[in-house]
Chemist: 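This structure is in structure tokens; I'll ask about it shortly.
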Amino acid sequence: MSVTTRRSLLKAAPALVFAGCTPPAITTPLVKKSATVRDVTAVHEFHPSRDGAGVTIRRALGHRGLPSLDPFLMLDEIRSDRPDEYQAGFPEHPHRGFETVSYVLAGAFEHRDSVGNHGRIGAGAAQWMTAGRGIVHEEMPRQQDGGQLWAFQLWVNLPAAEKMTKPRYQELGPETIPSLTVDDAQVRLVAGELAGQRGPVDGVTVKPMLMDVSLAAGAAMRQHIACDLCSSFAYVLEGAVRLGSDGRELLKGQVGVLGHGDTLAISSDKGRACWCSPAGRCASRWPAAGRS
């Protein structure tokens, strides 16, 4: 099996074209249009791999089948109840020119970096690290009694003009992440705005919308989203979900790339998915940018 490491992904990053979340130049007056549902344009499987000091991962975004979805560069899932698959962790390593987003569902990580930040990220928590002009950090599992470690990391590219910005770190405890009932769905809103609420992430360039959506049998959610021009994707954490106007089914471990539209439609017999899309300068778990 060919393994795409995080270091090789970073080496390839300069070849990526960063389109950001800026819509094309408008030469004609804006015309209000009816709602358009984002449909699934492609489905991809995760790729099993190993990274860090030997951690078993599922790479959902950033492999050969789905190398990037600008501005999202990578999405990794760690899910194991075997300490030998995760306890070696991710010792000191550098990042530059992008942001890392970590989201923990079970277990915990301890973070330390070269600019003095230090914290423990437990179940239900997230962290948002802007590497900017360069930072060295480590992320090491800190389990109480072994048990399951379940977490995600997403890499988000920075525009060329902001790649040398000052490093920044945001630690987001579980209590800071709003839990909403939206239509029939239970939603944890890590970043972005939904149903009149805002996620806790602030001061970032791309301003993604990042949601953890749980649906019971027969549940559905249909919501307007901020932009119809930017990239978005869903990653199924549990069960199965249906997306788009045609109810395209995605199974656990699959990534659905979504086309343009201003409405997200998701339903399920029983499932849980992450949806991510930048919603900042547009006018893109799923939780989907870089460890070396």
Side-chain angles (χ1 to χ4, degrees), residues 16-45 60-62 65-75 98-99 101 154-159 182-183 185 187 189-195 198-199 201 204-213 215 220-236 240-251 254-268 271 273-289:
L16 299 174
V17 177
F18 182 79
C21 299
T22 306
I26 297 172
T27 56
T28 57
L30 288 174
V31 177
K32 190 172 181 179
K33 58 183 181 180
S34 59
T36 304
V37 174
R38 288 187 177 228
D39 289 331
V40 177
T41 60
V43 177
H44 298 269
E45 306 287 339
L61 175 65
L66 183 55
S68 68
L69 185 64
D70 188 54
F72 305 116
L73 302 176
M74 190 194 75
L75 175 64
F98 55 85
E99 298 179 300
V101 183
L154 170 70
W155 291 3
V156 184
N157 205 356
L158 286 171
V182 183
D183 297 334
V187 179
L189 184 61
V190 180
E193 186 170 349
L194 182 72
R198 293 189 61 84
V201 176
V204 295
T205 297
V206 175
K207 296 182 175 64
M209 189 172 188
L210 178 56
M211 299 187 295
D212 180 350
V213 182
L215 299 135
M221 185 178 86
R222 183 185 177 100
Q223 286 290 311
H224 172 79
I225 53 179
C227 173
D228 67 355
L229 296 173
C230 37
S231 305
S232 66
F233 69 92
Y235 180 68
V236 182
V241 302
R242 296 184 181 90
L243 287 161
S245 59
D246 58 353
R248 177 85 174 264
E249 186 176 56
L250 299 180
L251 305 177
Q254 291 184 326
V255 174
V257 179
L258 303 182
H260 292 169
D262 60 5
T263 301
L264 176 66
I266 179 171
S267 62
S268 179
C274 288
W275 185 77
C276 195
S277 170
R281 293 184 174 177
C282 293
S284 87
R285 111 201 328 147
W286 25 270

Chemist: For residues V37 and S245, report the shortest heavy-atom separation together with the two atoms involved.
Modeler: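 Closest approach of V37 to S245, heavy atoms only: CG1-N, 3.5 Å.
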
Chemist: Quick one: does R38's side chain have a donor or acceptor within less than 3.5 Å of a partner on G261's backbone?
Modeler: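 Here the side-chain-to-backbone pair exists.
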
Chemist: Determine, step by step, whether V43 and L251 satisfy the side-chain contact (heavy atoms from CB on, under 4.5 Å) criterion, reporting the C-alpha distance in whole Å, the side-chain angles of both residues, the deciding distance to 0.1 Å, and the verdict.
Modeler: CA-CA 10 Å; V43 177; L251 305 177; over 6 Å; no

Chemist: I need the L264 CG to L243 CG distance, nearest 0.5 Å.
Modeler: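 Here the rounded value is 6.5 Å.
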
Chemist: What distance separates Q254 CD from R248 CZ, expressed to the nearest 0.5 Å?
Modeler: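 Answer rounded to 0.5 Å: 8.5 Å.
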
Chemist: I need the minimum non-hydrogen distance between V40 and G256, along with the two atoms involved.
Modeler: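 For V40 versus G256, the nearest heavy atoms are CG1-CA, 4.3 Å.
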
Chemist: Would the distance check show the side chain of T36 and the main-chain N or O of D262 forming a donor-acceptor pair, the cut-off being under 3.5 Å?
Modeler: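 The answer is no, because no donor-acceptor pair under 3.5 Å joins these two groups.
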
Chemist: For V236 and V241, work out which heavy atoms get closest and say how close.
Modeler: CG2-CG2, 3.7 Å

Chemist: Report the C-alpha separation of F233 and L75 in whole Å, then their side-chain angles, then the decisive distance to 0.1 Å, and conclude whether the side-chain contact (heavy atoms from CB on, under 4.5 Å) test is met.
Modeler: CA-CA 11 Å; F233 69 92; L75 175 64; 3.8 Å; yes

Chemist: Using side-chain contact (heavy atoms from CB on, under 4.5 Å), reason through V255 and L61 one step at a time and then give a plain yes or no.
Modeler: CA-CA 8 Å; V255 174; L61 175 65; 5.6 Å; no

Chemist: Could you pull out the closest heavy-atom pair between A185 and V213, with the gap in Å?
Modeler: CB-CG1, 3.9 Å

Chemist: Can you tell me how far the CG atom of D246 sits from the CG atom of D39, to the nearest 0.5 Å?
Modeler: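 These two atoms lie 5.0 Å from each other.
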
Chemist: Can you tell me how far CG of L66 sits from CE of M74, rounded to the nearest 0.5 angstrom?
Modeler: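 Reported value, rounded in 0.5 Å steps: 12.5 Å.
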
Chemist: Between S268 and L215, what is the shortest heavy-atom contact and its length?
Modeler: CB-CB, 3.8 Å

Chemist: Identify the two heavy atoms, one from S232 and one from L69, that lie closest to each other, and give their separation to 0.1 Å.
Modeler: O-CD2, 3.7 Å

Chemist: Are the side chain of H44 and the backbone of A60 linked by a donor-acceptor contact shorter than 3.5 Å?
Modeler: no

Chemist: Working to the nearest 0.5 Å, report the span between CE of M221 and OG of S267.
Modeler: 11.0 Å

